[in-house]
Amino acid sequence: MSIANNLENIKATLPDTVTLVAVSKTKPIADLKEAYEVGQRIFGENKIQEMTQKWEELPKDIQWHMIGHVQTNKVKYMASYVNLIHGVDSFKLLKEINKQAKKNNRIIDCLLQIHIAEEDTKFGLDKEELLSILESDTFKALENIKIKGLMGMATFTDNEQQVRREFKSLKSLYDVATTKLSGLDTLSMGMSGDYLSAIEEGSTMVRIGSSIFGSR
Ligand SMILES: *Cc1c(COP(=O)(O)O)cnc(C)c1O
């Protein structure tokens, strides 16, 4: 199957309320162009250097989403163009994004990453850390970031019940967050293997790589 066909098939399964991020990490420019030519405009990358190279080479109406773990000292390389940072998992990182956004005279949209998986290899905040950020005065004073919602990754497992349980826990935290902060509209959950469950559990943004571009 071609990239264009894969995209078409996936889009046919997505409700209008769900945004598709085409996860193009490790894939060559030619693959992104193929997706671009059939209308895909949102791409997700997990390495800042790779994303920046692709941003330089590809049309400027593409929206670039950073979906990977972000090191504080690298925020500056994407601060001028990144559209959404999914993996904000510390207050320190959020403050650095704010600082770099200010230097670039813009507001950068962010998602707070929540740790929902039972495996402890995945990054993210727990509920207490999330609430302590949202309730802090320092946070409220950050003028160059905008929190749009939450992001999470379920455990990599065939156990669908476990995955659903993790998605439900993220959705319920999202509901709590919407009572603390206005303007939230994004719940980023679901990848190639679990996005249909994620949508049933309330996802508004899915990050799909291998089902579009093939395995990595
Ligand atoms: C790689 C990646 C994806 C896409 O995974 P696929 O299984 O290829 O769809 C989604 N989210 C994050 C955070 C990733 O790193």
Side-chain angles (χ1 to χ4, degrees), residues 1-14 18-28 31-32 34-35 40-54 62-71 74-75 78 82-90 93 97 109-125 147-160 162-164 166-167 169-171 173-174 186-216:
M1 282 281 245
S2 70
I3 290 169
N5 275 330
N6 292 340
L7 263 174
E8 189 185 349
N9 291 340
I10 289 165
K11 279 203 249 173
T13 67
L14 300 180
V18 174
T19 301
L20 172 62
V21 179
V23 175
S24 48
K25 63 190 186 196
T26 78
K27 297 295 176 183
D31 286 9
L32 283 79
E34 199 174 328
Q40 184 63 30
R41 292 293 181 272
I42 304 177
F43 292 89
E45 292 282 335
N46 71 341
K47 295 213 163 63
I48 293 172
Q49 195 180 353
E50 181 180 341
M51 182 169 80
T52 301
Q53 259 168 14
K54 288 172 173 171
I62 290 176
Q63 295 177 35
W64 294 98
H65 287 201
M66 173 42 60
I67 62 167
H69 182 64
V70 177
Q71 285 172 275
K74 295 201 176 143
V75 173
M78 63 175 171
V82 68
N83 287 95
L84 182 64
I85 302 176
H86 289 233
V88 179
D89 61 356
S90 74
L93 176 58
I97 295 168
D109 289 344
C110 296
L111 303 178
L112 294 171
Q113 182 172 0
I114 307 298
H115 185 270
I116 53 170
E118 278 168 28
E119 42 194 0
D120 51 29
T121 51
K122 291 193 174 126
F123 297 102
L125 305 162
I147 302 294
K148 301 291 287 178
L150 304 182
M151 177 271 210
M153 284 172 87
T155 304
F156 189 70
T157 171
D158 288 338
N159 185 340
E160 201 197 319
Q162 181 182 347
V163 169
R164 285 210 181 240
E166 293 171 4
F167 286 151
S169 75
L170 183 54
K171 173 64 163 75
L173 263 190
Y174 178 70
T186 307
L187 180 55
S188 168
M189 63 180 194
M191 320 190 349
S192 292
D194 57 19
Y195 78 91
L196 291 172
S197 307
I199 290 169
E200 285 179 15
E201 301 303 339
S203 170
T204 70
M205 184 174 278
V206 292
R207 310 175 308 269
I208 300 183
S210 46
S211 292
I212 298 172
F213 297 106
S215 58
R216 288 178 296 271

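Positions are given from 1, in the same order as the sequence printed here. Atoms within each ligand, like the ligands themselves, are counted from 1 in listed order.
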Close side-chain approach of F167 and V163, heavy atoms under 4.5 Å = yes
Tell me yes or no: between the side chains of S211 and Y195, is some donor less than 3.5 Å from an acceptor?
-> no
By salt bridge (Lys or Arg N to Asp or Glu O under 4.0 Å), E34 pairs with (sequence neighbours left out) none
Quick one: salt bridge (Lys or Arg N to Asp or Glu O under 4.0 Å) partners of E166, sequence neighbours excluded?
-> none
Qualifying residues under ring pair (Phe, Tyr, Trp, His ring centres under 6.0 Å), relative to F43, sequence neighbours excluded = W64
What orientation do F123 and H69 show, parallel under 30°, tilted 30 to 60°, or perpendicular over 60°?
-> parallel
What does the contact table look like for ligand 1 (nitrogen or oxygen on each side, cut-off under 3.5 Å)?
from     : atom 1 : to   : atom 2 : distance (Å)
ligand 1 : 8 (O)  : S210 : N      : 2.8
ligand 1 : 8 (O)  : S210 : OG     : 2.9
ligand 1 : 8 (O)  : R216 : NH1    : 2.8
ligand 1 : 8 (O)  : R216 : NH2    : 3.1
ligand 1 : 9 (O)  : S192 : N      : 2.9
ligand 1 : 9 (O)  : S192 : OG     : 2.5
ligand 1 : 9 (O)  : G209 : N      : 2.8
ligand 1 : 11 (N) : R207 : NE     : 2.8
ligand 1 : 15 (O) : K25  : NZ     : 2.7

